[in-house]
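Following: one structure in structure tokens, then a few remarks.
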Amino acid sequence: MAMAAAATFCSIRHGYGVTKLNDYLLNRYQSRAITHENVFRLDVRKLHSIKRRNLIPLKPRASRNEDQIEHENEVNNISKATLIWRAVKLPMYTVAFIPISVGSAAAYLQTGKYFAKRYFMLLISSVLVIAWLNLSNDVYDFDTGADKNKKESVVNLLGSRTGAHVIAWLLLGLGFTGLTLVSIEAKSIRSILLLACAVVCGYIYQCPPFRLSYMGLGEPLCFAAFGPLATTAFYLLQSGRSELPISGTIVSSSILVGLTTSLILLCSHFHQIEDDKAVGKISPLVRLGTEGGAKVVKVAVGLLYSLAFLLGLSQTLPFYSLVLCALTLPVGRLVSSFVEENHKDETKIFMAKYYCVRLHTVFGGALAAGMVAARMFARRQLPHTVLL
């Protein structure tokens with residue numbers, strides 16, 4: 001009887017077989033006043049009996065090797081245009097745009113002055129320095145073998161380690177020359193010293209013989225370089241005065257910028273853990289694992305908004321900045337939830353750093369816009385000097 005029912009209800013014409021058979025069994029046994037629990041037990045027995053007779057084939061669970069092969073096939077099928085886009089890392093250049101914008105906004109809040117020519121000169125020069133950082137990082141990771149399986153590596157795409165290396169250092173020379181010229185125009189020795197320290201952080205992060213990123217120190221160096229060092233330097237260069245005091249607003253703003261920038265670097269490690277382990281690169285994700293890393297990301301996002309809230313309430317940051325930064329909270333939640341849900345998926349987690357770039361951009365933009373709005377509408381100076 002069960003064989004006949006299975007043959008009838010598993011035909012393509014009648015729809016999905018298991019559903020039809022289930023309905024049939026339920027109707028039959030309910031008519032005989034059998035309880036719901038017994039019907040469920042009978043359904044399970046009937047379905048297992050049918051499966052054992054191979055009337056409903058079971059799909060075998062993919063093995064770990066098959067999952068790995070599928071992942072490799074997905075990587076190999078990436079188009080050349082996509083690889084070039086990843087190698088260029090255009091969204092990553094917001095790490096140059098945001099420190100300059102926040103620093104300039106803090107200077108405008110303090111002095112009411114803004115120098116457009118300096119802003120764009122600083123932006124172009126900073127982009128060149130960031131290009132050196134990205135390109136030389138690919139070169140030195142190629143040397144250690146960390147980028148062996150990284151198809152979007154510039155060295156792998158160009159096929160020339162020497163060419164990429166020469167271009168990288170030319171970019172640094174051009175970029176730092178531009179920063180120096182602006183510092184001379186602004187008559188600010190402190191700013192060029194701060195920027196020089198930021199570049200040194202970038203060098204010891206990745207270049208031999210230091211390579212501190214291989215010791216898990218990349219995130220602290222990134223925080224210092226793009227946060228307190230670079231953001232404060234850009235504030236001084238936009239001030240219009242050689243001895244503008246360093247205020248609580250610029251110090252707190254630079255800390256927030258450093259946090260969002262470090263978050264980008266942290267999330268860039270998720271899909272490279274195995275390659276990092278193979279060459280002895282002890283990144284935070286190698287130490288913590290993906291699950292631990294996901295928890296750190298969640299805490300970091302919470303810390304970012306908690307600091308912004310406290311600094312706004314204490315009037316260290318303008319109230320406008322507090323309100324606008326609060327509006328970016330959905331982006332912060334998106335970063336946390338995406339990493340939490342996909343930290344084990346090497347294909348999907350690759351996008352985590354781009355979600356962090358989005359957070360870095362909107363949060364930094366909101367922070368800067370709030371300071372500009374505070375100066376335009378309040379017409380009063382909020383920060384207090386904390387450093388000389």
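- Side chains of Leu109 and Val372 form no contact here, defined as non-hydrogen atoms less than 4.5 Å apart.
- At least one donor-acceptor pair under 3.5 Å links the side chain of Asp345 to the backbone N or O of Lys348.
- The backbone N or O of Met371 lies less than 3.5 Å from a partner atom in the side chain of Ser321, making a donor-acceptor pair.
- The nearest pair of heavy atoms linking Ala308 to Phe363 is CB-CZ, 4.0 Å.
- Using a 3.5 Å distance cut-off with no hydrogens or angles, the side chains of Ser101 and Tyr119 do pair a donor with an acceptor.
- Minimum interatomic distance between Val257 and Thr260 (heavy atoms only, all atoms of both residues): O-OG1, 3.0 Å.
- With hydrogens and angles disregarded, no donor-acceptor distance shorter than 3.5 Å links the side chain of Thr328 to the backbone of Val362.
- Using a distance-only test at 3.5 Å, with no hydrogens or angles considered, no donor-acceptor pair links the side chain of Tyr108 to the main chain of Gly103.
- Using modelled atom types and a 3.5 Å distance limit, the side chains of Ser314 and Thr316 yield a donor-acceptor pair.
- Looking only at distances, a side-chain donor or acceptor of Ser252 sits under 3.5 Å from a matching main-chain atom of Thr249.
- No close placement of the Phe210 and Tyr205 rings is indicated, their centers lying 6.0 Å or farther apart.
- Here the closest heavy-atom approach between residue Leu236 and residue Ser188 is recorded as CB-OG, 4.0 Å.
- The heavy-atom pair separating Leu324 from Gly370 by the smallest distance is CD1-N, 3.6 Å.
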Stepwise salt bridge (Lys or Arg N to Asp or Glu O under 4.0 Å) test for Asp275 and Lys281 | CA-CA 8 Å; Asp275 289 340; Lys281 185 175 182 179; over 6 Å; no
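- Of the possible polar contacts, one joining the Ser262 side chain to the Phe223 backbone as a donor-acceptor pair under 3.5 Å is found.
- Using a 30° and 60° split on the angle between ring planes, Phe377 and Tyr320 fall in the tilted class, from 30° to 60°.
- Residues that satisfy the side-chain hydrogen bond (donor to acceptor under 3.5 Å, both in side chains) test with Tyr140, not counting sequence neighbours, are His165.
- Under the 3.5 Å distance criterion, the side-chain polar atoms of Gln206 are matched with a main-chain donor or acceptor of Asn137.
- Here the rule is side-chain contact (heavy atoms from CB on, under 4.5 Å) with Thr232, and of Leu195, Leu237, Ile250 only Ile250 fits it.
- Below 30°, between 30° and 60°, or above 60°: for Phe338 and Tyr355 the angle between ring planes is between 30° and 60°, a tilted geometry.
- Residues Lys353 and Phe350 approach most closely at CG-O, 3.7 Å, considering heavy atoms.
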Under 3.5 Å, which donor-acceptor pairs link side chains of residues 171-183 to any protein atom two or more places apart or in another chain?
residue	atom	partner	partner atom	Å
Thr177	OG1	Gly173	O	2.7
Thr180	OG1	Phe176	O	2.8
Ser183	OG	Leu179	O	2.9

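- At distances below 3.5 Å, not a single donor-acceptor pair connects side-chain atoms of Ser191 with backbone N or O atoms of Ala233.
- Within the 4.5 Å cutoff, the side chain of Arg358 has heavy atoms near those of the Leu334 side chain.
- Pairing each heavy atom of Val127 with each of Tyr93, the nearest pair is O-CE2, 3.6 Å.
- Hydrophobic cluster membership differs between Leu327 and Leu329, with clusters built from Ile, Leu, Val, Met, Phe, Trp and Tyr side chains linked at under 4.5 angstrom.
- Of the possible polar contacts, one joining the Thr144 side chain to the Asp141 backbone as a donor-acceptor pair under 3.5 Å is found.
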